[in-house]
Amino acid sequence: AFSAGSRLLRGYRGGHVVIRFALGGCTNRPFFRIVAANSRRARDGKYLEQLGCLDPLPNAHGEKVAGLNLERLRYWLGCGAQLSRPAEKLLGLAGFLPLHPMTVTGAERLRRRRQREQQPEAAPADGSAEPGTAP
Amino acid sequence: MAALGSRGSAALPSRLRALWALPARRALAADAGAAEGKAAPPKPAFTDEAVQTLLYKMTGLDLRKVFRPVKKDLKPPHYKLMTEAQLEEATRKAIEEAKTKLIMPPVLNEREPIDDVLAEDKVLEGTETAKYVFTDLSYSIPHRERFIVVREPNGVLRKATWEERDRMIQIFFPKEGRKVIPPTLFKDENLGTVFQQDRHEDVLNMCIAQFEPDSPDYIRVHHRTYEDIEKHAKYDLLRSTRHFGGMVWYLVSRKKTDGLLIDMINRDLLEDATSLITLYHMLHPECQSAKEAKEGKLQGVDLIKVFVKTESQREGYIQLALQAYEEAMATSSAS
């Protein structure tokens with residue numbers, strides 16, 4: 001159905017260029033396109049340029065494939081585009097930007113949570129073993 | 001003795017360099033300088049003009065085989081009425097086209113595996129389960145210089161291996177005739193079946209489309225094919241195709257030229273036989289027949305006889321073939 005005035009032809013007031021992920025694919029099968037768009041556009045709406053893609057599900061060789069058009073990325077960053085947090089994290093993993101501090105923080109938090117989970121397992125395990133071993 | 005080293009690339013004619021899209025000279029200049037210093041007489045490489053002309057002469061130019069109908073969409077045949085002059089013109093143009101079809105694919109050394117770590121971040125250990133492969137999709141970079149890096153689950157950021165590189169480049173910049181995962185045809189057990197059906201040329205064409213010339217798979221498939229042809233003496237399958245030069249280079253480097261020589265003499269291709277022996281002498285100048293030939297400046301059948309006496313293993317067969325040839329020449333000239 002054709003709404004009054006196409007959404008594609010809209011001109012937005014204000015807003016800035018962001019480089020972010022646009023979600024595509026189908027149910028239970030996400031696929032991200034790395035896209036330079038006006039910040040006020042819909043997430044999956046009209047964008048200025050596609051700068052790459054990311055497949056979050058590992059393929060047959062156990063790798064998550066990502067493509068980045070670094071030349072155009074550098075152009076948009078030079079034009080003053082901003083990055084969304086997931087985009088910053090991805091570029092940090094790629095080595096184009098330095099590692100994002102939240103990646104490091106997230107890794108440490110995960111490690112601490114796993115340690116805490118292991119300790120309660122160790123403690124009841126010790127508790128149940130002792131009465132058995134103790135004379 | 002897979003011959004071509006980086007030295008050879010420096011002397012490439014510009015036509016071949018442009019066709020094979022080899023990496024720029026600046027990367028190879030360092031190796032060229034080092035290698036020249038070590039080897040006293042420069043060994044002839046696959047790409048030298050003299051070697052290429054010899055191999056090209058041996059390949060032959062059978063227009064019927066080169067322009068054999070390839071499987072295409074079915075169209076009714078197209079007839080033209082031509083005068084003698086027009087027919088000659090058309091034949092000449094056909095020969096030019098055939099020459100472009102017979103340009104030989106490159107023979108290179110096996111590539112060195114890539115083993116380069118860019119960054120190590122121990123903090124990331126245990127966060128991810130799968131590795132990330134990042135490919136640079138900038139359009140104007142040649143594929144050899146593209147950045148393809150892998151972030152492993154243990155936090156190490158390294159350059160991708162050659163296999164990963166080829167796969168990623170095929171995913172994002174697909175080339176016609178190449179698949180992302182190489183077909184099972186190229187495994188050793190399946191190659192035997194294809195060779196029994198005499199389809200060596202098709203295998204080699206598929207191999208050229210699928211692999212890079214310096215990848216170990218390309219070299220392995222080519223060597224298997226040449227070995228099989230040499231074992232069953234099916235040299236005629238590759239004559240008048242672009243693979244003949246590569247096969248001759250392989251056999252001459254390993255000194256297995258006897259079967260080919262017999263085949264050439266049986267088909268009355270004496271010029272090809274002499275060019276084969278000339279090539280042998282160029283590649284192995286220290287052998288006895290090379291020295292004798294240089295002293296005596298022998299030509300034609302004498303060259304073959306000297307070669308047969310000193311270098312070949314199957315002397316008897318070659319002598320028999322030569323005798324048969326000479327008898328045939330005598331009877332034909334007499335009658």
Side-chain angles (χ1 to χ4, degrees), chain A residues 19 21 31-36 49-77 86-118, chain B residues 114-175 178-184 217:
Chain A
I19 297 173
F21 292 174
F31 184 82
F32 296 105
R33 281 165 295 149
I34 302 164
V35 132
E49 188 179 349
Q50 181 178 351
L51 305 171
C53 56
L54 164 68
D55 180 8
L57 302 185
N59 66 6
H61 299 266
E63 22 184 74
K64 295 185 186 172
V65 173
L68 302 161
N69 192 337
L70 294 176
E71 190 202 323
R72 293 304 295 171
L73 196 64
R74 258 179 263 142
Y75 166 77
W76 284 112
L77 289 174
E88 279 181 348
K89 287 186 175 173
L90 187 74
L91 291 176
L93 281 186
F96 185 69
L97 296 175
L99 252 200
H100 194 90
M102 284 309 291
T103 322
V104 177
T105 319
E108 286 172 358
R109 284 179 186 165
L110 193 65
R111 209 170 293 144
R112 242 173 268 146
R113 194 184 312 140
R114 283 202 190 130
Q115 269 183 341
R116 253 181 278 133
E117 277 162 18
Q118 275 179 2
Chain B
I114 305 178
D115 212 359
D116 202 3
V117 169
L118 299 170
E120 290 199 26
D121 297 302
K122 290 284 184 261
V123 262
L124 296 176
E125 190 134 4
T127 46
E128 299 286 340
T129 45
K131 48 184 170 165
Y132 281 89
V133 181
F134 297 100
T135 319
D136 183 8
L137 301 180
S138 315
Y139 195 67
S140 54
I141 311 182
H143 289 320
R144 292 266 162 166
E145 292 164 30
R146 216 168 265 287
F147 283 116
I148 303 184
V149 294
V150 175
R151 174 77 76 171
E152 299 272 359
N154 60 358
V156 143
L157 184 68
R158 60 169 175 86
K159 285 193 184 168
T161 59
W162 282 111
E163 289 79 28
E164 289 168 351
R165 280 190 68 92
D166 287 337
R167 243 187 311 125
M168 290 301 127
I169 290 171
Q170 179 57 18
I171 288 175
F172 288 111
F173 302 96
K175 199 170 136 188
R178 203 177 272 209
K179 303 223 171 112
V180 177
I181 301 171
T184 49
D217 285 309

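We name chains A, B, ... by the order of the sequence lines, and we start the count at 1 in each one.
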Answer with side chain, backbone, both or neither: which region of A/Leu110 has an atom nearer than 4.5 Å to a non-hydrogen atom of chain B? side chain

Considering only heavy atoms, which portion of A/Leu73 lies under 4.5 Å from any heavy atom of chain B: side chain, backbone, both, or neither? neither

Name the option with the most non-hydrogen atom pairs under 4.5 Å to chain A; the candidates are B/Ser138, B/Ala130, B/Ala119. B/Ser138

Most heavy-atom pairs under 4.5 Å with chain A, out of B/Arg167, B/Met168, B/Glu164, belong to B/Arg167

Chain A contact via [X] - which portion, at a heavy-atom distance below 4.5 Å:
X: B/Phe172; result: side chain
X: B/Val123; result: both
X: B/Ile148; result: neither
X: B/Leu118; result: neither

Tell me if the CZ atom of B/Phe147 is crowded by more than 12 foreign heavy atoms within 6.0 Å. no

Hey, is CG on B/Asp116 packed in by over 12 heavy atoms from elsewhere, all under 6.0 Å? yes

Donor-acceptor check, side chain of B/Arg151 to backbone of A/Gly92, threshold 3.5 angstrom: yes or no? yes

Please report the shortest heavy-atom distance between B/Tyr132 and A/Leu93, naming the atom on each side. CE1-CD1, 3.9 Å

Out of [options], which one racks up the most heavy-atom pairs below 4.5 Å with chain B?
options: A/Asn69, A/Thr103, A/Leu90; result: A/Asn69
options: A/Ala94, A/Gly52, A/Cys53, A/Gly106; result: A/Ala94
options: A/Arg114, A/Arg111, A/Lys64; result: A/Lys64
options: A/Gly95, A/Gly62, A/Pro58; result: A/Gly62

Is the shortest heavy-atom distance from the side chain of B/Glu163 to the side chain of A/His61 under 4.5 Å? no

Any side-chain heavy-atom pair of A/Leu99 and B/Leu124 under 4.5 Å: yes

So CD1 of B/Ile171 and CG of A/Asn59: to nearest 0.5 Å the spacing works out to 6.5 Å

CZ (B/Phe134) and CG (A/Leu70) are apart, to the nearest 0.5 Å, by 10.5 Å

